[in-house]
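Notes for the one structure printed next.
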Protein chains: 2
Amino acid sequence: MDDLVPLREDLVDLGEAAALSRAERRDQTIRRILDAARKCFVASGFQGASMHQICAEAEMSPGALYRYFPSKEAIINAIAENDRREDMETFAAMFDNPSVVDGVVESTMAYIRHVHERDMAPLFAEIRAESMRNHMICATCLEHRDGVASRFETYLADAIAAGEIAPDVDLSTLLAMFMTIGEGFALNNLLALGVPENQIEILVRAMVVAMLKPAAPPATSSVS
Amino acid sequence: MDDLVPLREDLVDLGEAAALSRAERRDQTIRRILDAARKCFVASGFQGASMHQICAEAEMSPGALYRYFPSKEAIINAIAENDRREDMETFAAMFDNPSVVDGVVESTMAYIRHVHERDMAPLFAEIRAESMRNHMICATCLEHRDGVASRFETYLADAIAAGEIAPDVDLSTLLAMFMTIGEGFALNNLLALGVPENQIEILVRAMVVAMLKPAAPPATSSVS
DNA sequence: CTCCAAAGAGCGAACGTTCATTCGCTATTT
DNA sequence: AAATAGCGAATGAACGTTCGCTCTTTGGAG
């Protein structure tokens, strides 16, 4: 409605340097479609949202939209792919922090804030539900999960070498637990529920410290 | 196809004592519909599953099915209601355990096993995704959550009185964290991923102990 | 006990709607 | 001239739901 201004404006005003190439225009339109689709999917779910709703939100006709995506499923895949990647990148910020405890705590808190600020919970829930029955989405989730997991494993292994983690802790279990708990935070927008951020951090930190150095295993232990 | 045997069998064989009353027959049919619907919803999602699929799975016609539920939404509500209640009841088993640490750990482990044995993750994900946009389902989730939360709060308050929890811990935050982590376990069937149960328990216990007695608050801290 | 009217249970074709997708066309860009 | 972008009515399939019908069960009257 407000971008029906003449298309040649760019060309006239800025000359060929700033003119958008065909490919750039295409990318822009694709982004427009994905933004619209995301909005519709959050409101109605993957199956509940219709292509007509998405077209209306993107302000284009079905015929035009289908020049960019061959099917609804392709849009869903693209949305899931983008969302999972973004999520995992947020989480991966921790690997720059030399202290594992600080790294995990800070990136967990950053993630909690991220979920709140961008209201990621609904789409996350949708993607995760879809991943339970759609092979394509499942593969996307696993791919990004594994990407983070492998880097996480090296990160933790380094920490063991540095003595920050009890050497007898089972790395793959620890990793699975961290990711599981992270998904709990993705699903529950705690900040929106009014839980104070600093209180969350106290407990997250206590939790992380304890899990990195758990009490000696109950069998034949004599630590302390 | 295989239950076209005479309906009067019960009456003839067992006499009036074991004969099913109209109401009992009705309940049985309703359960049959709900079982079929659950199976379809797991396979295709709430919106993806069709009434015809559900009818086929329940081996009855649409006309018959609609004598028991006025709409698809009513079936979804009933499924969500049942599932959430069952989930929360499993979780509530802990309140019988006088030791909070043991209670929380054991019921968490029981919950993890429950999720695995009955393969609850897909339906949980579906319900949770739907709860983000469907007011009815949202209310159902909140209702059961609050039911557990209020009993949990008393449970924890008693533990504070008994000295098992640091008195300065923020109860509502602790509660929110426990439930959030629990949802992480509901979404990720760790046992199906091959994570060893005893390793999970070690970390869960470490986590619970630490959260109930977190380190002193970081304010004016002198961390190395 | 028999009989019968009423109610309950079941059926499956049919209804109207909505869905994802296609197609023939025009306008713009290269 | 060829390729790309955009349109929106049209299409056929699938959806949730309804309806008219038959069969069975029920409970009271005779």
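Quantities reported herein were computed from a predicted structural model and do not represent experimental measurements. Letters A, B, ... mirror the listed sequences (proteins, then strands); counts begin at 1.
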In whole angstrom, what separates [X]'s [atom1] from [N]'s [atom2]?
| X | N | atom1 | atom2 | answer |
| --- | --- | --- | --- | --- |
| A/D27 | D/dT4 | CG | P | 15 Å |
| B/L65 | C/dA9 | CG | P | 13 Å |
| A/E24 | C/dT29 | CD | C1' | 15 Å |
| A/M60 | D/dC7 | CE | P | 6 Å |
| B/R22 | C/dA6 | CZ | C1' | 10 Å |
| A/I75 | C/dT21 | CD1 | P | 9 Å |
| B/I33 | C/dG10 | CD1 | C1' | 11 Å |
| A/R25 | D/dG6 | CZ | C1' | 12 Å |

Subject >> Protein-to-nucleotide contact annotation, 5' to 3' order, nucleotides 13-20 of chain D [B base; S sugar-phosphate only; - none; under 4.0 Å, heavy atom] >> reply: --SBBBB-

Original post:
With ring centroids as reference points, do B/Y111 and B/F185 lie under 6.0 angstrom apart?
Top reply: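 Here the rings of B/F185 and B/Y111 have centres that are no less than 6.0 Å from each other.
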
Original post:
When rounded to the nearest 0.5 angstrom, what distance separates OH in B/Y66 from CD1 in B/I75?
Top reply: 7.0 Å

Original post:
Is there a residue in residues 34-44 of chain A whose heavy atoms reach under 4.0 Å of DNA chain C, and which residues are they?
Top reply: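 Contacting residues: none.
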
Original post:
Under 4.0 Å: is that the gap between some side-chain N or O of A/S61 and OP1 or OP2 of D/dC7?
Top reply: yes

**OP:** Just jot down the side chain to side chain contact (heavy atoms under 4.5 Å, CB included) partners of B/N97, sequence neighbours excluded, or say none.
**Re:** B/S99, B/D102, B/E106, B/Y155

Please enumerate all residues that pass side chain to side chain donor-acceptor pair (under 3.5 Å) together with [X], with sequence neighbours excluded.
| X | result |
| --- | --- |
| B/S172 | B/D170 |
| A/E57 | A/K39 |
| B/N82 | B/R85 |
| A/R113 | A/E197 |

**OP:** Classify the nucleic acid contact of A/Y68 as base, sugar-phosphate or nothing, counting any heavy atom under 4.0 Å across all strands shown.
**Re:** sugar-phosphate

Atom pairs and distances, donor-acceptor, side-chain atoms in residues 137-146 of chain B, under 3.5 Å, two or more places apart:
from   : atom 1 : to     : atom 2 : distance (Å)
B/T140 : OG1    : B/M136 : O      : 3.2
B/H144 : ND1    : B/T140 : O      : 3.0

**OP:** For residues 123-136 of chain B, pull every pair meeting side-chain hydrogen bond (donor to acceptor under 3.5 Å, both in side chains), keeping only residues two or more places apart or in separate chains.
**Re:**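 Matches after skipping sequence neighbours: A/E126-B/R133, A/R133-B/E126, B/R128-B/S131, B/R128-B/E183, B/E130-B/R133, B/E130-B/N134.
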
